Number of protein chains: 2
Amino acid sequence: MCPLSPGKRTGRPRSAAADRAILAATRAALAEQGWGRLTLGDVAARAGVAKTTLYRRWAGKNELVVDAVAALFEEQLELPDLGSLEADIQGVVLRFAELLNRPETRTALMAVIAEAAHDDALRLRIREAIVDRQKHLVVLGRKRAQARGEIPPEEDGAAGPERDNLIFDVVAGAVVHRVMVSSEPVDEEWAGRLAVLLVVGLAGLHTAQDP
Amino acid sequence: MCPLSPGKRTGRPRSAAADRAILAATRAALAEQGWGRLTLGDVAARAGVAKTTLYRRWAGKNELVVDAVAALFEEQLELPDLGSLEADIQGVVLRFAELLNRPETRTALMAVIAEAAHDDALRLRIREAIVDRQKHLVVLGRKRAQARGEIPPEEDGAAGPERDNLIFDVVAGAVVHRVMVSSEPVDEEWAGRLAVLLVVGLAGLHTAQDP
DNA sequence: GTGTTTCGCTACGACTCGTAGCGTAACTGG
DNA sequence: CCAGTTACGCTACGAGTCGTAGCGAAACAC
């Protein structure tokens, strides 16, 4: 998750405290100013760090913000075990929505995704730092549900991963769209309806493909 | 969809051709440069228009891009009648994905949504120019399905609109997430699986709430 | 100590922003 | 045809940001 080249040994080491201060300052500035008015000079000043230090560690605004948001996701996002697939989905949806409701993430996530549309390296960085971690939750949730006997066990072929991908896009996409575009609250009721839709629909997907 | 104050009469009228040229230039610049490197000076030069003319009609980058994208949505997005709810969903998903795959919309949509996170006026503008038009397709699709007898007819209470909103967030969110975040193709197969998931899940939502 | 790397600081040219001022073009009402 | 009104193209401007370079001092490994 860190900046550049970790494999050096001699000379003065980079201050890890500065790293944390910079990422925290980035989130604070994002929350106040939003993506558009965010300047690296302001971030440096908040972090008590010279502007040149920022440019030594990150290539630009995009990379810095990705790391700042990824740190939040890493420490906040996990899959609670609530006893049933439906409850698990509802739980993780509520957690994800809580994360999306922070002012830092609201503006930052969409902005870096927009920039990634024409920047392959940035897209890869987002995938590794944020998306793969989310997708892992889907795989974990499916395995738990299979262990409980709620859905049929693993079959071979490409149908399994494809279904995981579909579920991931539906869950994450629906929550993001609800929060960012419709700008309506993700409460227990809405999360519950989404969970029902998914569990029932998932069963339909199985019967539709296995004759 | 147009700029400011439409209700004047005296004096030289604003050139409608300039409007179209500016919006087209904005889309072209977006496709080439992306949101981050897009400058209003460049747009003005492409459109063969003075920079001051741009600022007379639009408040800034955000508003201009919203209108430029909204024009695309207006002329491209509609709901085909393919004979069944499942086929209709699959069809509109494919159309929406086609729109999202254009380089202009890829970077522009996410960027304006990001800016709207801390700009209420912009969020309202996006809603009126883009979102409401999309949501209308959901309502239309539901009414068609009810006329065909595929789903139960209208009930009273707030359950109906709530269900429309859920479907809207799931469909639009899933497609956006698939294209922008997972960056994998929305082909007939994927759209078909999403349609099955929704139709089956929708039936589950009805039986879960009507005892 | 010696060598190496990072740090804070200052300064810089290049660029974009959004606005103001001016003379001209286009259209309206008398 | 002629004022009145508004939009247009052009130029120029201060303000702000960007990303980089150069410097001396500080923090580590050997």
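By convention in this document, chain letters (A, B, ...) are assigned in the order of the sequence lines, proteins followed by strands, and residues within each chain are numbered from 1. On a predicted model such as this, the values are computed, not experimentally measured, just so you know.
What separates CG of Leu64(A) from C1' of dG19(D) is a distance of 15 Å, to the nearest Å. In this structure, Lys61(B) places its NZ atom 7 Å from P of dC17(C), rounding to the nearest Å. Rounded to an integer number of Å, the gap from Arg37(A) CZ to dT16(C) C1' is 15 Å. Distance Leu54(A) CG to dC7(C) P: 10 Å, rounded to the nearest Å. One interatomic measurement links the two molecules: CH2 of Trp58(B) to C1' of dC8(D), which rounds to 14 Å at whole-angstrom precision. The CZ atom of Arg57(A) sits 9 Å away from the P atom of dT6(C) (whole-angstrom rounding).
Remark: the Arg56(A) side chain and the dG8(C) base include a donor-acceptor N/O pair separated by less than 3.5 Å. For dA25(C), its base sits under 3.5 Å from the side chain of Arg12(B) at one donor and acceptor pair at least. Interface remark: the Lys51(B) side chain does not form any donor-acceptor pair with the dG9(D) base, using a distance-only criterion of under 3.5 Å. Thr52(A) contributes no side-chain N or O that forms a donor-acceptor pair with the base of dC7(C) under 3.5 Å.
Note that CD1 of Ile22(B) and OG1 of Thr53(B) are 6.5 Å apart. Values are rounded to the nearest 0.5 Å. How far CD of Gln76(A) is from CZ of Arg102(A): 5.0 Å, rounded to the nearest 0.5 Å. The CD1 atom of Ile130(B) sits 14.0 Å away from atom NZ of Lys135(B), with the distance rounded to the nearest 0.5 Å.
Position along DNA chain D of the nearest nucleotide to Ala18(B) versus Gly11(B) favours Gly11(B) as the more 5'-ward residue. Between Leu40(B) and Pro13(B), the residue anchored nearer the 5' end of DNA chain C, judged by the nucleotide with its closest heavy atom, is Leu40(B).
Side-chain nitrogen and oxygen atoms of Thr10(A) include none within less than 4.0 Å of the OP1 or OP2 phosphate oxygen of dC28(D).
The side chain of Tyr55(A) approaches dT20(D) more closely than any other nucleotide in the set dA7(D), dT20(D), dT19(C). Residue Thr39(B) has its side chain nearest to dT16(C) when only dT16(C), dG4(D), dT19(C) are considered.
Here the side chains of Glu86(A) and Val196(A) are in contact, with some heavy-atom distance below 4.5 Å.
The minimum heavy-atom distance linking Gly83(B) with Arg148(B) is given by the pair O-NE, 3.0 Å.
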